[in-house]
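Structure record follows, encoded as C-alpha cells.
The chains referred to below are lettered A, B, ... by the order of the sequence lines, with proteins before strands, and numbering in each begins at 1.
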Protein chains: 2
Amino acid sequence: MIDYSILVKSPLFNGISEEECRTLCSKIHYQVRKFEKDAIVVQGGEEVTNLFVVLSGSVRGEMIDYSGKTVKIEDIEAPRPLAAAFLFGKENKFPVTVTANKKAELLAIPVVEFLKLLQLNTRLLRNYLNSISTRAQFLSQKLHFLSFKTIKEKVAHFLLQQAGDRFHSFELKNTQQQLAELFGVTRPSLARVLGEMQSENLIKIEKKTVTLLDKQGLNSLLQNG
Amino acid sequence: MIDYSILVKSPLFNGISEEECRTLCSKIHYQVRKFEKDAIVVQGGEEVTNLFVVLSGSVRGEMIDYSGKTVKIEDIEAPRPLAAAFLFGKENKFPVTVTANKKAELLAIPVVEFLKLLQLNTRLLRNYLNSISTRAQFLSQKLHFLSFKTIKEKVAHFLLQQAGDRFHSFELKNTQQQLAELFGVTRPSLARVLGEMQSENLIKIEKKTVTLLDKQGLNSLLQNG
DNA sequence: GGCAAAATGTATCAATTGTTACAAAATGAT
DNA sequence: ATCATTTTGTAACAATTGATACATTTTGCC
C-alpha cells in the first residue's frame with residue numbers, strides 16, 4: 001500500500017527507519033487516496049482534518065482571487081507534506097485549492113491519528129515541531145526586515161546581526177540574489193547600496209568576506225531611520 | 001513547590017486538571033528558579049534549552065540594540081510561558097533578554113523533558129501545537145499584507161478584504177491618517193493614490209463611503225504587482 | 001448658523017528604489 | 001587550464017514615494 005522507502009524521505013519522517021515507519025503506520029488509521037490528473041484534492045477554505053503527504057505524482061496549490069480567477073502558488077512533489085502548517089491553530093482551513101498535476105497518490109492521516117503518531121515517536125514529534133517552528137522563525141525574521149524602511153537600514157541590521165558583538169569580519173553565506181530576496185528588494189538595488197556603503201567607508205567587501213569598518217556609523221543608520 | 005492552581009491557567013496547560021498536572025510533572029525533571037527584582041533570567045542570544053513558565057511575579061523582554069540601548073518589548077505575567085516559539089527550529093536562541101520586573105518564580109523544563117510531557121498528554125500537545133501554529137498563521141497574514149510593494153496594491157487588498165465577496169460599497173471606519181499608518185506610508189501619499197484610483201474609475205469615495213466600481217481591475221493590481 | 005479644529009485634496013521637489021541592460025569577475029565542472 | 005555558468009558591478013532612466021506646504025472641505029460643538 002504505502003511505499004515506505006519514499007515516505008522516509010519526507011521531511012516529516014526523516015531519520016526514521018523504514019521498518020519503524022511501517023510499525024508506526026500499522027498502529028493508526030489512514031487512507032491512501034488516488035487522484036487522476038486535474039482532480040481536486042482539497043478545496044480552498046475547507047477545514048484541514050487530515051495531514052496529507054504526496055506519495056507519488058505531484059499536486060499544485062492554487063489560490064482563488066476575489067474575482068474568481070485561479071493563480072498557481074506552488075507545486076508539491078513526492079514525498080512532501082501538504083499544508084502541514086495549517087493542521088493546528090485558529091485558522092485551520094486550507095488557504096489554497098489543491099489539484100493533481102498528474103496521477104497522484106496521497107497519504108491522508110486524520111489529525112487525531114497524527115497526534116497519536118507524534119506521541120508514539122519522538123523523532124517524528126521533533127521533526128514536526130522543528131518544521132513549523134523554523135517556518136515561524138523564518139516569517140518572524142522576514143517581518144523584522146520588512147519593518148526597516150530603506151535598504152541601507154536593512155543591510156546595516158543584517159550585517160550587525162551577522163557579525164555579533166565580537167567580530168568585525170565574517171563570511172557571507174548567501175549570494176546577493178538571496179539577500180535581495182530576504183530583504184524584499186531587487187538585486188541591483190542591493191548591489192548599489194552595498195557600493196554606497198563601501199564608498200562611505202562603512203564596510204569593505206572582498207569576495208565573500210565582509211568587514212565592518214564603522215560599527216558606530218552602521219548603528220546610527222538604525223537609530224535615525 | 002509548584003502552585004498547580006496557577007499553572008493550569010497557563011495557555012499551555014489549559015484544560016488539564018490540577019491533579020493530572022501534578023501527575024504529569026512528577027514524571028519529569030524540572031526546576032523552579034527564583035529571581036530577585038532586575039535579575040537577568042536569560043541573555044538574548046543564549047540557546048533556548050528550557051521551556052520557561054512564569055509562576056509568580058512578572059518579567060520583561062528587552063532587546064538590546066547594537067549601540068547598547070535597551071528597548072522594552074513586552075511584559076510577561078504569570079502564568080504565561082516564555083519564548084515558547086523558540087524551543088524548536090533552526091534558530092533556537094532567545095531573541096530578547098529577559099529580566100525580572102519584581103521577585104519572580106519561573107518553572108524551567110528542559111526541552112527533552114518537555115518532549116516527554118507532550119507525548120504523555122494529548123491535550124498539552126494540542127495546546128502547544130495550536131499556540132505555535134496560531135502564531136505562524138498570524139505572522140503569515142501580516143507578512144502577506146506587508147508583501148505588497150506599492151501603496152496601490154495595499155489599498156486594493158485592503159478594500160477587497162473589507163468589502164468581502166458580496167458587497168461593493170461600505171463605510172470607512174478609519175481616517176486617512178490611520179490608514180496611512182496601517183500601511184506604513186505617509187498621509188499625502190495615500191491620498192494621492194486614492195485620487196489616482198478614483199480617476200482610473202476603480203473606486204469612488206464620497207465622504208466616508210467607499211464604492212468599488214471595478215473589482216476585476218482591483219484584482220489585477222494584486223496579480224501583476 | 002457660525003466657528004475652530006480636524007481631515008482631506010493637491011502641488012512641487014527630493015530621495016529612494018525598480019527596471020533593464022550589459023560588462024566584468026568568480027565559480028565549477030570537465 | 002579552459003569554458004560555460006553564475007554572480008557581481010554598474011549605468012541610465014522610469015516609477016514610486018516621502019517631505020513639505022497650503023488651500024479647501026468636513027466635522028463637531030456652541
(request) Answer yes or no: are there more than 12 heavy-atom neighbours, outside Arg80(A) itself, under 6.0 Å from its atom CZ? (result) yes
(request) Output the single nucleotide from dT7(D), dG18(D), dA26(C) whose closest atom is nearest the side chain of Arg192(B). (result) dG18(D)
Rounded to whole angstroms, how far apart are [atom1] on [X] and [atom2] on [N]?
X: Lys154(A); N: dT17(C); atom1: NZ; atom2: C1'; answer: 10 Å
X: Ile205(B); N: dT26(D); atom1: CD1; atom2: C1'; answer: 15 Å
X: Glu206(B); N: dA7(C); atom1: CD; atom2: C1'; answer: 17 Å
X: Leu194(B); N: dA7(C); atom1: CG; atom2: C1'; answer: 13 Å
X: Lys207(B); N: dT24(D); atom1: NZ; atom2: C1'; answer: 14 Å
X: Phe148(A); N: dT17(C); atom1: CZ; atom2: C1'; answer: 18 Å
X: Lys152(A); N: dT16(C); atom1: NZ; atom2: C1'; answer: 10 Å
X: Ile151(B); N: dA15(D); atom1: CD1; atom2: P; answer: 16 Å

(message) For Asp214(B), is there an ion pair with Lys204(B) - N to carboxylate O distance below 4.0 angstrom?
(response) no
(message) So, OP1 or OP2 of dT8(C): does either fall under 4.0 Å of a side-chain N or O from Lys208(B)?
(response)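 Yes, such a contact exists.
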(request) Output yes when at least one side-chain N/O atom of Lys149(B) is less than 4.0 Å from OP1 or OP2 of dA15(D), else no. (result) no
(message) Is there a side-chain contact between Leu115(A) and Leu129(B) in this structure, where contact means two heavy atoms from C-beta onward sitting under 4.5 Å apart?
(response) yes
(message) What residues from residues 171-190 of chain B pass a heavy-atom cutoff of under 4.0 Å to DNA chain D?
(response) Gly184(B), Val185(B), Thr186(B), Pro188(B), Ser189(B)
(request) Step by step, work out the salt bridge (charged side-chain N to carboxylate O under 4.0 Å, His left out) result for Lys93(B) and Glu47(B). (result) CA-CA 4 Å; Lys93(B) 300 184 195 303; Glu47(B) 203 180 336; 5.3 Å; no
(message) Classify the ring geometry of Phe148(A) against His157(A): parallel below 30°, tilted from 30° to 60°, perpendicular beyond 60°.
(response) tilted
(request) If the plane angle is over 60° it's perpendicular, under 30° parallel, otherwise tilted; pick one for Phe94(B) and Phe52(B). (result)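 Phe94(B) and Phe52(B): tilted rings.
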(message) Between Gln178(B) and Thr175(B) (side chain of the first, backbone of the second, donor and acceptor by atom type, cut-off under 3.5 Å), is there such a pair?
(response) yes
